[in-house]
Enquirer: 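Here it is, the structure, as structure tokens.
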4 protein chains.
Amino acid sequence: MKKTIEEKRKDVLEVATKLFAEKGYEATTMAEIAKLANVGFGTVATYFENKENLLLKCVEEPMADFLEEVLRFNTQPNDYQEEIHQMTLKHFQLFSEKRLYLLLLIHVTSQWEKYMKPYLIANKAAREMSDKFEQLIQNGQREGKLAEANANVLAISYISLLLGLFLSNTDQFSESALKLYAENATRLFGLQ
Amino acid sequence: MKKTIEEKRKDVLEVATKLFAEKGYEATTMAEIAKLANVGFGTVATYFENKENLLLKCVEEPMADFLEEVLRFNTQPNDYQEEIHQMTLKHFQLFSEKRLYLLLLIHVTSQWEKYMKPYLIANKAAREMSDKFEQLIQNGQREGKLAEANANVLAISYISLLLGLFLSNTDQFSESALKLYAENATRLFGLQ
Amino acid sequence: MKKTIEEKRKDVLEVATKLFAEKGYEATTMAEIAKLANVGFGTVATYFENKENLLLKCVEEPMADFLEEVLRFNTQPNDYQEEIHQMTLKHFQLFSEKRLYLLLLIHVTSQWEKYMKPYLIANKAAREMSDKFEQLIQNGQREGKLAEANANVLAISYISLLLGLFLSNTDQFSESALKLYAENATRLFGLQ
Amino acid sequence: MKKTIEEKRKDVLEVATKLFAEKGYEATTMAEIAKLANVGFGTVATYFENKENLLLKCVEEPMADFLEEVLRFNTQPNDYQEEIHQMTLKHFQLFSEKRLYLLLLIHVTSQWEKYMKPYLIANKAAREMSDKFEQLIQNGQREGKLAEANANVLAISYISLLLGLFLSNTDQFSESALKLYAENATRLFGLQ
DNA sequence: AATGAATGAGGCTTCATTCAT
DNA sequence: TATGAATGAAGCCTCATTCAT
């Protein structure tokens, strides 16, 4: 039973993302990607032109869905406590699930001069997140529901906490552990 | 005026740390390190045997001092509010100052299978930090001064926030910005 | 008109054998082999993995045919005089023709600790030769046709004479010279 | 108790000869020689200028004594049988003892284009040996004591047998084994 | 005289890319 | 369209040599 082109292309992207994230871009070879994706290694070149472009696609293509999920919260909820609880839990679950993708984003970010195009994509997304968090925070502060901290600082701290947690821990978190971390994070916002 | 061996060795270590952190281990060439450190490139090999060992020394040698500074806080202070305020400010300043070193630690951690020896060093340090933070938190909780969260979760969240902040932001923070972030972080502990 | 893979592989092996034999393994560069074999120098790596393995193949692959030719004599002939005359002539011609291969064998033998795998192959062949010569000698002695020397000593002396002649003389022997040396060697066996 | 310069120089030469012979010229490092000779490695350069010249001295200096010993036989003896018996035994003992030196000579001979100067020395010696053997043989033939073979062929065969034996056998021969081989070799001359 | 720190040329190897099938 | 044989650029490392002490 042969796979469609679209399926094979996706296999390659997934394998590449995993390897780029775990071993780094330079240390990952095209041959290794091809092998783990069960395609001939000329095929990878056919699909993605070259290695650099493959990295770009690894960063680019999942971004829309990822960002959409991250930003799926209400900046003017009736109940800030409830909204933020749900949001943090969602984020911790999502970031845990997409850990490899985040690792990849950090890689391209920390070497932004080399990976300019992927970096710009990652950076734009980070700003969008930060902006929407700020809105939520400012709205909550205006209604006296959230701590009176600098909204930008708080937003960036929140993102940093999320990233730092999944980047510096190599092993998976259980569902219950994620819940604990999510609840803990709400304190940043001045809740509880 | 010639530099001593010790000075040149230190130059090499500093340059290597910077490049490994910014560009990644694989993407950094020995020739580049040598050039920026103003030594012939056989000299790097003379000092450090090989690239892998150079990485190890970059991680290993600064660790003792770094760890000592990070752990320089009192786990049973009279005034928890004051102690934690000072501690967080100290940590944000220190992590900002040692940003490159932290980047390097994250690199080896995120690819721990490849960089086993450096990873073990980084990991041991992380556990020591986490342990001492936990002690502080548990003591504070026993006296009713800190939030009743799981101490381990809180400690790891605090470290994650610190790491995440300096890893995902490529530019320097001003002294006043650091102060804001530090104060903001105290909320994690349930202060203010 | 393009060469087949098999032809190119053989070209590389021949060039490598020649250079390894004439200049020594260490002094021969992969680039030199590739150039003389008219292939790109990555190609040599594609065919043979690495230099060490190339040496192994140079020793290994021609051995079966070579050994078969060397051992093509009758250990119980009717006419020992005739058989040994023909055998020695054959051997001197063969060793002259395969001079480069023999040089290579001596190289790996004289540095056996470094070239373990090729050495074992060469050594096994040497023992097979020696064994079959001994049989011939013992049979001839039993029938009173050959000198009453220690058979093992005689066999090894014969091989040594063959090897020594072609190793220590850098230039080619003419057909008539070979005949002279061959006849001369029969005296070792106590003939004539 | 410090060694004299002359003693240290000799140590270096001996170590170098051993290593050049066993591992080959290219595979032997100056550092290794210096270490085994218990001198600093700049010292080797001070004594011998450079590696190439060290090789030359390894070949050159022992040659006079060696040649003198090899040529110490009478080309017009009263008893050819006796003289040749004694000569062969002497040669087999000497070549066994100087096996490393002979290996070295073969090395430089088989790569004569690279090691021109050492090669010329070795070659000149070989011709001197061959010439004196020829004289002995021709004299013996004239008196009807030796086989009527081509004297040059016989001389070269004899040298070849000696060289081949010690080059292709990696292990030491016992005194009694040497005696067997020596006696066996006399048959080449038509004795016994 | 003796040493070894510093150096960079050159080799082996890896690997992204090209191209003919 | 999919493949992998062929290629050579570039990196790490080894090591002979130089030179200041």
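Residue numbers start from 1 in every chain, and the chains themselves are labelled A, B, ... in the order their sequence lines are given, proteins ahead of strands.
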Enquirer: Where the side chain of A:I5 is defined as all heavy atoms beyond and including C-beta, which of E:dA9, F:dA2, E:dT13 is the nearest nucleotide?
Expert: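 My answer, after comparing the listed nucleotides, is F:dA2.
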Enquirer: Spell out, as yes or no, whether a donor-acceptor pair under 3.5 Å connects the side chain of C:E7 to the backbone of C:T4.
Expert: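 It does hold such a pair.
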Enquirer: Around atom CD of A:E49, are there more than 12 heavy atoms from other residues, nucleotides or ligands closer than 6.0 Å?
Expert: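 Atom CD in A:E49 is not crowded, with 12 or fewer foreign heavy atoms closer than 6.0 Å.
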Enquirer: By side-chain contact (heavy atoms from CB on, under 4.5 Å), which residues pair with D:K124, not counting sequence neighbours?
Expert: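 Listed in chain order: D:R127, D:E128.
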Enquirer: Going by the rule side-chain contact (heavy atoms from CB on, under 4.5 Å), which residues pair with D:L13 if we only count those two or more places apart in sequence or in a different chain?
Expert: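 For D:L13 the side-chain contact (heavy atoms from CB on, under 4.5 Å) partners, ignoring immediate neighbours, are D:R9, D:F48, D:L54, D:K57, D:C58, D:E61.
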Enquirer: From the options F:dA10, F:dG4, F:dT18, select the nucleotide whose nearest atom is closest to the side chain of D:F41.
Expert: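 Ranking F:dA10, F:dG4, F:dT18 by closest atom to the D:F41 side chain puts F:dT18 first.
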Enquirer: Tell me every residue that passes side-chain contact (heavy atoms from CB on, under 4.5 Å) with C:L120, counting only those two or more places apart in sequence or in another chain.
Expert: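 Partners of C:L120 under the side-chain contact (heavy atoms from CB on, under 4.5 Å) test: C:M116.
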Enquirer: Please enumerate all residues that pass side-chain hydrogen bond (donor to acceptor under 3.5 Å, both in side chains) together with B:H107, with sequence neighbours excluded.
Expert: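 By the side-chain hydrogen bond (donor to acceptor under 3.5 Å, both in side chains) rule, B:H107 matches no residue at all.
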Enquirer: Could you check which residues of residues 109-121 of chain B get a heavy atom under 4.0 Å from DNA chain E? Sort them by number, please.
Expert: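 None, since no heavy atom is under 4.0 Å.
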Enquirer: Got a sec, which pairs hit salt bridge (charged side-chain N to carboxylate O under 4.0 Å, His left out) with one end in residues 104-115 of chain D, sequence neighbours left out?
Expert: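 Qualifying pairs, neighbours excluded: D:E26-D:K114.
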Enquirer: For C:G42, answer base if it contacts any base atom (sugar-phosphate contacts may also be present), sugar-phosphate if it contacts only those atoms, and nothing otherwise; contact means non-hydrogen atoms under 4.0 Å.
Expert: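 Contact class for C:G42: base.
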Enquirer: Does NZ or CZ of D:K98 fall inside the cone over D:F66's six-membered ring, less than 6.0 Å from its centre and within 45° of the axis?
Expert: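 So D:K98 doesn't make the cation-pi contact.
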Enquirer: Using the ring of each side chain (for Trp, its six-membered ring), is D:Y25 parallel, tilted or perpendicular to D:F20, with breaks at 30° and 60°?
Expert: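 It falls in the tilted class, 30° to 60°.
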Enquirer: Quick check: on DNA chain F, is the nucleotide nearest D:T46 upstream (toward 5') of the one nearest A:A45, or the reverse? Name the residue that is more 5'.
Expert: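 Nearest nucleotide further toward 5': that of A:A45.
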Enquirer: Could you identify which residues of residues 26-37 of chain B place a heavy atom less than 4.0 Å from some atom of DNA chain F, listed by residue number, or say none?
Expert: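 Listed by number, they are B:T28, B:T29, B:M30.
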Enquirer: Strictly by side chain to side chain donor-acceptor pair (under 3.5 Å), give each pair with a member in residues 12-24 of chain A just once, sequence neighbours left out.
Expert: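 Those involving residues 12-24 of chain A are A:K18-A:E22, A:K23-A:E32.
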Enquirer: Mind pulling the stems DNA chain F is in, i.e. runs of at least three Watson-Crick or G-U pairs, everything under 3.5 Å?
Expert: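 Stems for DNA chain F, defined as runs of 3 or more consecutive pairs: E:2-21 with F:2-21.
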Enquirer: Name all residues meeting the side-chain hydrogen bond (donor to acceptor under 3.5 Å, both in side chains) criterion together with B:D11; count only those two or more places apart in sequence or in a different chain, and write none if there are none.
Expert: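 side-chain hydrogen bond (donor to acceptor under 3.5 Å, both in side chains) list for B:D11, sorted by chain: B:K3.
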Enquirer: Test your reading of the model: is there a side-chain donor-acceptor pair from A:Y47 to the backbone of A:K8, 3.5 Å cut-off?
Expert: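 Pair absent, no side-chain N/O of A:Y47 close to backbone of A:K8.
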Enquirer: Using a 4.0 Å cut-off on heavy atoms, which residues in residues 47-58 of chain B reach DNA chain F? List them by number, or say none.
Expert: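 Nucleic-acid contacts, sorted: B:N50, B:K51.
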Enquirer: Identify, with sequence neighbours excluded, every residue that meets side-chain contact (heavy atoms from CB on, under 4.5 Å) alongside C:T170.
Expert: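 In terms of side-chain contact (heavy atoms from CB on, under 4.5 Å), with neighbours along the sequence ignored, C:T170 is linked to C:R99, D:T109, D:W112, D:Y119.
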